[in-house]
Structures are given as structure tokens and as C-alpha cells.
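Working notes, beginning with the structure itself.
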Amino acid sequence: MSETEKPLNFIERIIRDDLEQGAVKQITTRFPPEPNGYLHIGHAKSICLNFGLARDFGGTCNLRFDDTNPAKEEVEYVESIKRDVQWLGFQWDGDIRFTSDYFDQLHEWAVHLIKEGKAFVCDLSAEEMREYRGGLTEAGKDSPYKTRTVEENLELFEKMRLGEFDEGACALRVKVDMASPNMHMRDPVIYRIKKASHHQTGDKWCIYPSYDYAHGQSDALEGITHSVCTLEFEEHRPLYEWFIENLPVPATPHQYEFSRLEVNYTVTSKRKLKQLVDENHVDGWDDPRMPTVSGMRRRGFTPASIREFCDMVGVTKVKGVVDMGMLEFAIREDLNKNASRAMCVLHPLKVTLTNYPEGQAETMVAPGHPQRDDFPEREMPFTRELWIDQDDFRESANKKYKRLVIGKRVRLRNSYVIEADECVKDADDNIIEVKARIIENTVGNNPEDGIKPKGVIHWVSADQNVNCEVRLYDRLFTDIAPDAGGKDFLECINPDSLEVLSGCKAEMSLANSGIEDRFQFEREGYFVQDSKFSNPDALVFNRVISLRDTWGK
RNA sequence: UGGGCCGUCGCCAAGCGGUAAGGCCCCGGGUUUUGAUCCCGGUAUGCGCAGGUUCGAAUCCUGCCGGCCCAGCCA
């Protein structure tokens with residue numbers, strides 16, 4: 001019992017201690033995406049972490065859009081993010097929050113900092129500011145505008161707010177320490193002019209708070225106890241704390257950092273993902289090959305499998321790259337347990353059973369799931385002409401090949417054992433038909449002559465089946481680290497990442513499947529009915545993931 | 001080169017001074033009307049390296065080495 005308990009990660013341990021020591025009564029976390037792109041697998045980890053923490057420790061988790069940069073943000077993104085969070089199985093506490101909800105308070109506190117002599121309006125240009133900031137090894141120097149009086153700063157800041165200055169003409173900066181070895185402490189900008197209308201506040205503002213200034217204060221306003229973010233914000237923590245100490249905020253949240261999730265053979269950079277979409281390398285943000293939450297949804301991943309994957313990889317401060325195989329394991333594990341089985345022939349090859357009467361048909365019955373009895377049985381007609389997969393027949397083969405070979409037997413899944421006699425070829429020497437015979441009385445029984453077939457193949461009646469299109473996906477990139485420095489990730493794109501198969505033949509039970517229904521096409525893999533291209537008259541299935549294959553096709 | 005952080009099996013990851021969990025991958029074997037699933041078994045005398053403290057060190061100390069991040073009016 002206790003030996004199977006999962007050890008707590010470092011953040012869970014901090015929370016457990018805070019709760020035990022009474023540092024906090026109840027925890028509140030938040031997932032704070034910027035609505036400037038679609039969520040990807042890395043965000044999924046953050047979502048699972050933040051919402052999971054709240055769930056496991058009896059707290060709550062907010063969804064807050066960090067919308068301080070109207071130039072890059074859009075409502076389309078906030079809508080997709082809301083949908084993705086819910087699809088993943090989480091519900092935020094109360095209403096959706098926006099950092100922009102706090103613009104008034106944030107502005108008021110900026111004025112407060114000015115009055116305290118801790119903030120000033122700086123007229124340095126961006127380039128000048130960079131020069132004054134100094135370098136990694138040398139201290140920066142004070143802005144010549146740092147000595148402006150409180151009154152002057154108040155007046156200038158008000159003029160900024162009123163739109164009297166052009167973008168970039170000046171910015172509000174906080175007086176921290178130009179000599180700090182931490183670059184973020186060198187009098188950072190907390191308000192800048194951006195004459196862009198905002199998706200939430202419209203044209204009310206033309207000055208917007210910076211992330212560093214807005215984030216911690218928003219956390220404080222929402223009563224966030226544990227503000228969890230990724231490693232690159234580690235150096236921002238002293239600044240985060242500086243604001244909390246220097247402003248009359250209602251709470252004292254604390255920031256903790258963990259390493260972001262990366263998966264090999266893919267990219268998780270919003271910029272690159274957006275580029276793939278904008279330059280049409282993929283079919284939109286929800287292309288089934290994309291590592292976005294919407295792409296994975298369309299690909300056929302289940303929310304549970306993504307949660308399980310995030311759980312498997314753990315939470316640490318170690319930068320690492322998780323093997324794609326782990327993600328594949330998570331979805332296979334879920335679908336193996338929960339997807340109903342079906343047969344679908346991807347590359348049809350006709351088999352004519354010469355000893356089976358024309359016009360005759362019997363009904364074969366197959367379990368919906370081999371290990372579960374709560375799935376309804378499937379019925380399928382068996383007829384003289386069938387489809388099997390081209391890969392499942394060879395004129396001759398060595399003994400390792402366990403499928404249909406001339407002169408040999410094979411079991412048709414859930415049906416008869418058959419033996420091949422000959423094959424028919426076209427003018428180009430392509431095999432276009434196999435002539436075979438059923439072995440009598442082998443449905444549910446082994447052949448009476450004791451010659452058992454080596455293998456089992458799937459099939460579909462050539463008379464009654466469901467025609468469909470099947471889309472096979474492979475990894476979007478051929479390089480194990482398309483994101484790694486130096487290379488152009490676009491050149492790593494796998495030209496064969498999508499293979500569209502039309503004229504596939506599926507068993508009749510798939511005729512009434514619905515959008516996003518998932519199946520295991522036996523011996524092939526897991527498939528989902530595509531939410532974009534599939535319709536009742538033209539079914540389209542996406543391969544979520546192939547079956548584990550230790551033989552290698 | 002200033003500062004911050006990180007180095008335990010091919011990949012994730014436990015371990016918090018008492019003698020290296022687990023998962024993925026991989027390799028054997030068993031069951032099987034899916035070359036799937038499932039079930040058994042195997043895989044670090046060693047924890048970046050070198051010293052030191054200790055009866056005892058992945059865990060403590062010292063010094064190195066390696067990697068990542070920071071000089072946006074992005075988040």
C-alpha cells in the first residue's frame with residue numbers, strides 16, 4: 001500500500017510543509033497563459049501541475065490570462081485556451097481572470113511607487129537604455145532622468161497615460177539597483193506606451209504594465225499562495241519579491257520554478273509553432289501532427305492520457321527532454337484499455353475463397369474488447385470475396401513470416417482458417433488477387449487435421465464494408481532535436497509525416513461511429529474519427545498511434 | 001568572464017548520512033484467434049570529477065569540470 005505511493009515532488013513538499021506549519025490555511029494556484037498562441041504539451045504540464053496541486057491539497061486554481069501586451073494577443077487565443085483547459089479535465093475557480101482586470105489597481109500602485117520616490121519616468125530610448133544597463137560583467141549606470149522630482153514624475157506619467165507621448169518616447173521605471181549582478185534588478189521598466197487597442201479593455205489604456213510588475217501583484221490580488229512558473233523566471237524572483245515588499249498588496253505570494261517540459265522530435269516554442277501554421281507547413285494549430293493541445297485532441301489523444309503523461313514525467317528543476325516514446329506509451333495504455341476493437345483493411349487485396357459458395361454469407365461475431373465484457377459484440381458478414389491487407393500476403397516467405405503464403409494457412413481473425421492456393425497478377429506483375437480455400441469447421445476451432453495456422457490476419461467482406469479514408473501520421477520532424485541551437489527547424493520537417501490512404505475497407509460496425517470516437521483497428525493501431533474532415537458519407541480516420549510492433553513491418 | 005540554476009541507468013525520476021525505488025525504452029521467456037495486451041525475468045558495486053569529514057557519503061565540506069538561463073519599453 002504505502003510502497004506504491006508516489007513520492008511528492010519538490011513543490012508538493014513545500015506545500016505540504018506550508019500547510020503543516022500553518023504558513024497558509026488553504027492554497028491557491030493559478031495557470032497564467034498569455035493569449036498569444038495555442039496551448040501545447042508544455043502548457044499541459046503546467047496546467048496539470050497547477051490544477052493538480054489545488055485538487056490534491058484541497059485548494060483552488062485560477063485561470064488568469066496574462067494580457068499585458070495587446071500587440072500580440074487575441075481573443076481567438078483566449079477562447080482556444082479556455083477550451084483546452086476544460087478539455088484536459090480541469091475547471092478554474094470562479095470567473096476567468098485577466099491581468100487587465102487589475103489595470104486600475106496596477107496603475108494606482110505605480111503612482112504610489114512614484115510618490116514614494118521609487119519610480120520615475122525615463123526618456124532614454126530603448127537603445128540608450130540598453131547602453132546604460134551595462135553588461136553581464138559590468139554594472140549599469142543611473143539614467144539621467146532618475147533624479148526627476150516626484151511632482152514631475154507624477155505629471156509625466158499622467159501625460160503618458162493620456163497619450164501625449166509617442167510609443168517609445170518614455171517609460172516608467174522602478175528604482176532598484178543599477179549595479180545589481182541580476183540584470184532584472186537594474187531599474188526595470190514597469191509601464192510602457194503601446195497605442196494598441198486591447199482585446200479586453202479596448203482603448204481605455206495606451207500604457208501597459210510589464211510582466212514583472214503585473215504578475216506578482218495580480219497574484220497578490222487573487223490571493224495566490226504558490227505562484228508556480230518555469231525556470232527562466234528564477235532570476236525574476238528577487239524583483240517579484242521587491243514589488244511585494246514595496247507595495248501595499250493584500251497578500252504575500254511566493255514564486256517557485258520548475259523546468260518546462262520538452263519532448264524530443266518536436267518543438268514547443270510558440271514562435272515556431274506559429275510559424276508552422278502561418279507558413280502552411282501544417283493544417284492549422286490543430287493539425288494532428290502538432291504538439292498543441294488542440295492538435296493532440298484532433299489526433300485522438302485522450303485527456304486522461306495527457307494527464308498521465310504529465311504525471312509520469314515528474315516535476316523537478318532539471319532541464320531535460322522527454323522521450324516521445326513516453327507520450328506514445330501513455331496513449332497506447334489508455335486506448336488499449338478503453339478503445340473498442342474493429343477491423344479495417346488499409347491496403348486492400350482481394351481474396352476469393354474458391355470453395356465458398358457465391359452468394360452465401362454467414363455472420364461472424366467478435367468481441368468488442370478482448371479483455372472487457374462491457375463492450376458490445378460486433379457482427380460481420382463473411383462472404384466468398386474478402387479484403388485482406390497487401391502486407392499480409394506473400395507468394396513465398398521464410399518461417400518467420402506468420403501471415404498468408406501460397407500453400408500455407410492463416411487464421412482470419414474471428415473467422416475461418418484459410419489456405420492460399422495461387423495468386424493473380426496484372427500486366428505489371430502486381431498481385432491483384434489471391435485464390436484460397438476455407439478449411440471447414442474452423443470457426444472457433446483449430447483444423448481437424450492438426451495443421452494449425454502460424455498467424456492471424458484481419459479481413460473485411462468485399463460485399464459489405466465501409467469505405468473510408470485513413471490518415472497515417474508520423475513525427476513532424478526527422479531530427480531528434482529540431483529546436484536545438486544552430487539548425488533551421490523547418491529543414492527538419494519530415495516530408496512523409498502524413499500519408500493519406502483512400503479506399504480503405506472497414507467493417508460494418510464503423511458505419512455508425514461518431515466524430516472523435518476511438519477504436520483499435522486490430523493489428524494496425526489506434527484510430528479516431530477526424531473532427532475536421534470526416535462526415536457520415538465520407539469517413540476519415542486519423543491514426544493516433546500504431547500498435548507496439550516488435551516484429552517491424 | 002558577473003549573477004542565478006542544474007548534473008543519479010539510453011530517456012524521465014525517487015533518494016534528504018545507514019549501504020542505489022519506480023516508469024519509459026531495450027533484451028530474454030510464458031500465455032494469446034491482434035507479431036497487441038497480459039505475466040515472469042534481466043539491465044548503475046555506482047550517483048559529473050577529485051579530495052576531505054565519518055564506523056558509514058548520492059546524501060555533509062572543499063576545489064574543480066560540464067550544461068542551461070539573464071544585457072526586450074516580450075511573457
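Predicted model only: the values in this text are computed from it and were never measured. Scope of the values below: all heavy atoms of this structure, side chains included, with no hydrogens, waters or symmetry mates. Residue numbers start from 1 in every chain, and the chains themselves are labelled A, B, ... in the order their sequence lines are given, proteins ahead of strands.
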Tell me what [X] touches on the nucleic acid: a base, only sugar-phosphate, or nothing, going by heavy atoms under 4.0 Å.
X         : value
Arg341(A) : base
Gly140(A) : nothing
Val417(A) : nothing
Leu231(A) : nothing
Asn336(A) : sugar-phosphate
Glu257(A) : nothing
Ser180(A) : nothing
Lys317(A) : sugar-phosphate
Gly320(A) : sugar-phosphate
Val410(A) : nothing

Is the [X] ring parallel, tilted or perpendicular to the [Y] ring (thresholds 30°, 60°)?
X         : Y         : value
Phe521(A) : Phe519(A) : parallel
His107(A) : Trp205(A) : tilted
Phe382(A) : Tyr416(A) : tilted

Self-check item: Identified side chain to side chain donor-acceptor pair (under 3.5 Å) counterpart of Ser227(A) within the set Glu222(A), Gln255(A), Arg30(A)
Solution: Arg30(A)

Just compare [options] and give me whichever is closest to any side-chain atom of [X].
X         : options                   : answer
Val456(A) : rC70(B), rG35(B), rC16(B) : rG35(B)
Arg523(A) : rC69(B), rG35(B), rG23(B) : rG35(B)
Val318(A) : rU34(B), rC6(B), rC16(B)  : rC6(B)
Glu234(A) : rG23(B), rU34(B), rC5(B)  : rC5(B)
Val313(A) : rC12(B), rC26(B), rA21(B) : rC12(B)

Practice problem: Evaluate the side chain to side chain donor-acceptor pair (under 3.5 Å) criterion for residues Asn338(A) and Arg372(A): first the C-alpha distance (whole Å), next the side-chain angles of each, then the deciding distance (0.1 Å), finally the verdict. | Solution: CA-CA 9 Å; Asn338(A) 304 308; Arg372(A) 291 176 57 168; 2.9 Å; yes

Protein-nucleotide distance ([X], atom [atom1]; [N], atom [atom2]), rounded to Å:
X         : N       : atom1 : atom2 : answer
Asp177(A) : rG3(B)  : CG    : P     : 14 Å
Asn9(A)   : rG23(B) : CG    : C1'   : 16 Å
Met343(A) : rU33(B) : CE    : P     : 16 Å
Lys45(A)  : rA13(B) : NZ    : C1'   : 11 Å
Phe309(A) : rC24(B) : CZ    : C1'   : 10 Å
Arg378(A) : rU33(B) : CZ    : C1'   : 12 Å
Met312(A) : rA14(B) : CE    : C1'   : 16 Å
Lys337(A) : rU37(B) : NZ    : P     : 12 Å

Quiz prompt | Minimal non-hydrogen separation, Thr68(A) against Glu73(A), with atom names | solution = N-OE2, 3.6 Å

Pair assignment for [N], Watson-Crick or G-U wobble, requiring both distances under 3.5 Å:
N       : answer
rC49(B) : rG63(B)
rA58(B) : none
rU32(B) : none

Quiz item: Of all of residues 258-267 of chain A, which get a heavy atom below 4.0 angstrom from RNA chain B, listed by number?
Solution: none

Exercise. Answer with yes or no whether the side chains of Asp219(A) and Tyr240(A) bring together a donor and an acceptor at under 3.5 Å.
Key: yes

Within the modelled atom types, does a donor on one side and an acceptor on the other bring the side chain of [X] and the base of [N] under 3.5 Å apart?
X         : N       : result
Glu235(A) : rG3(B)  : yes
Glu524(A) : rU34(B) : no
Arg332(A) : rU37(B) : no

Sort me out a list of protein N/O and nucleotides 73-75 of chain B N/O pairs below 3.5 Å, or just none if empty.
{"unit_1": "rC73(B)", "atom_1": "OP1", "unit_2": "Arg133(A)", "atom_2": "NH2", "d": "3.4"}
{"unit_1": "rC73(B)", "atom_1": "OP2", "unit_2": "Arg133(A)", "atom_2": "NH1", "d": "3.1"}
{"unit_1": "rC73(B)", "atom_1": "N3", "unit_2": "Gly168(A)", "atom_2": "O", "d": "3.4"}
{"unit_1": "rC73(B)", "atom_1": "N4", "unit_2": "Leu124(A)", "atom_2": "O", "d": "2.6"}
{"unit_1": "rC73(B)", "atom_1": "N4", "unit_2": "Gly168(A)", "atom_2": "O", "d": "2.9"}
{"unit_1": "rC74(B)", "atom_1": "OP2", "unit_2": "Arg192(A)", "atom_2": "NE", "d": "3.0"}
{"unit_1": "rC74(B)", "atom_1": "OP2", "unit_2": "Arg192(A)", "atom_2": "NH2", "d": "3.0"}
{"unit_1": "rC74(B)", "atom_1": "OP2", "unit_2": "Lys194(A)", "atom_2": "NZ", "d": "3.2"}
{"unit_1": "rC74(B)", "atom_1": "O3'", "unit_2": "Arg192(A)", "atom_2": "NH2", "d": "3.0"}
{"unit_1": "rC74(B)", "atom_1": "O2'", "unit_2": "Asn69(A)", "atom_2": "ND2", "d": "3.0"}
{"unit_1": "rA75(B)", "atom_1": "OP1", "unit_2": "Thr68(A)", "atom_2": "OG1", "d": "2.5"}
{"unit_1": "rA75(B)", "atom_1": "OP1", "unit_2": "Arg192(A)", "atom_2": "NH1", "d": "3.3"}
{"unit_1": "rA75(B)", "atom_1": "OP1", "unit_2": "Arg192(A)", "atom_2": "NH2", "d": "2.7"}
{"unit_1": "rA75(B)", "atom_1": "OP2", "unit_2": "Tyr211(A)", "atom_2": "N", "d": "3.0"}
{"unit_1": "rA75(B)", "atom_1": "O3'", "unit_2": "Asp66(A)", "atom_2": "OD2", "d": "3.2"}
{"unit_1": "rA75(B)", "atom_1": "N6", "unit_2": "His236(A)", "atom_2": "NE2", "d": "3.3"}

Quiz item: Hey, are the side chains of Asp187(A) and Asp142(A) touching, using non-hydrogen atoms and a 4.5 Å cut-off?
Solution: yes

Quiz item: Roughly how far apart are Glu167(A) CD and Met160(A) CE, rounded to 0.5 Å?
Solution: 11.0 Å

Quiz item: For Thr137(A) and rG3(B), is the shortest distance between a side-chain N/O and OP1 or OP2 below 4.0 Å?
Solution: no

Quiz item: In terms of side-chain geometry, is the basic nitrogen of Lys317(A) or Glu234(A) positioned less than 4.0 Å from the acidic oxygen of its partner?
Solution: yes

Self-check item: Residues His458(A), Arg413(A); criterion side chain to side chain donor-acceptor pair (under 3.5 Å); working and verdict
Solution: CA-CA 5 Å; His458(A) 56 101; Arg413(A) 177 81 168 151; over 6 Å; no

Quiz item: When you look at Glu131(A) and Lys141(A), which way does the salt bridge (Lys or Arg N to Asp or Glu O under 4.0 Å) test go after all the steps?
Solution: CA-CA 9 Å; Glu131(A) 285 161 23; Lys141(A) 51 183 195 246; over 6 Å; no

Report all interatomic pairs (protein N or O, nucleotide N or O of nucleotides 58-60 of chain B) with separations under 3.5 Å.
none

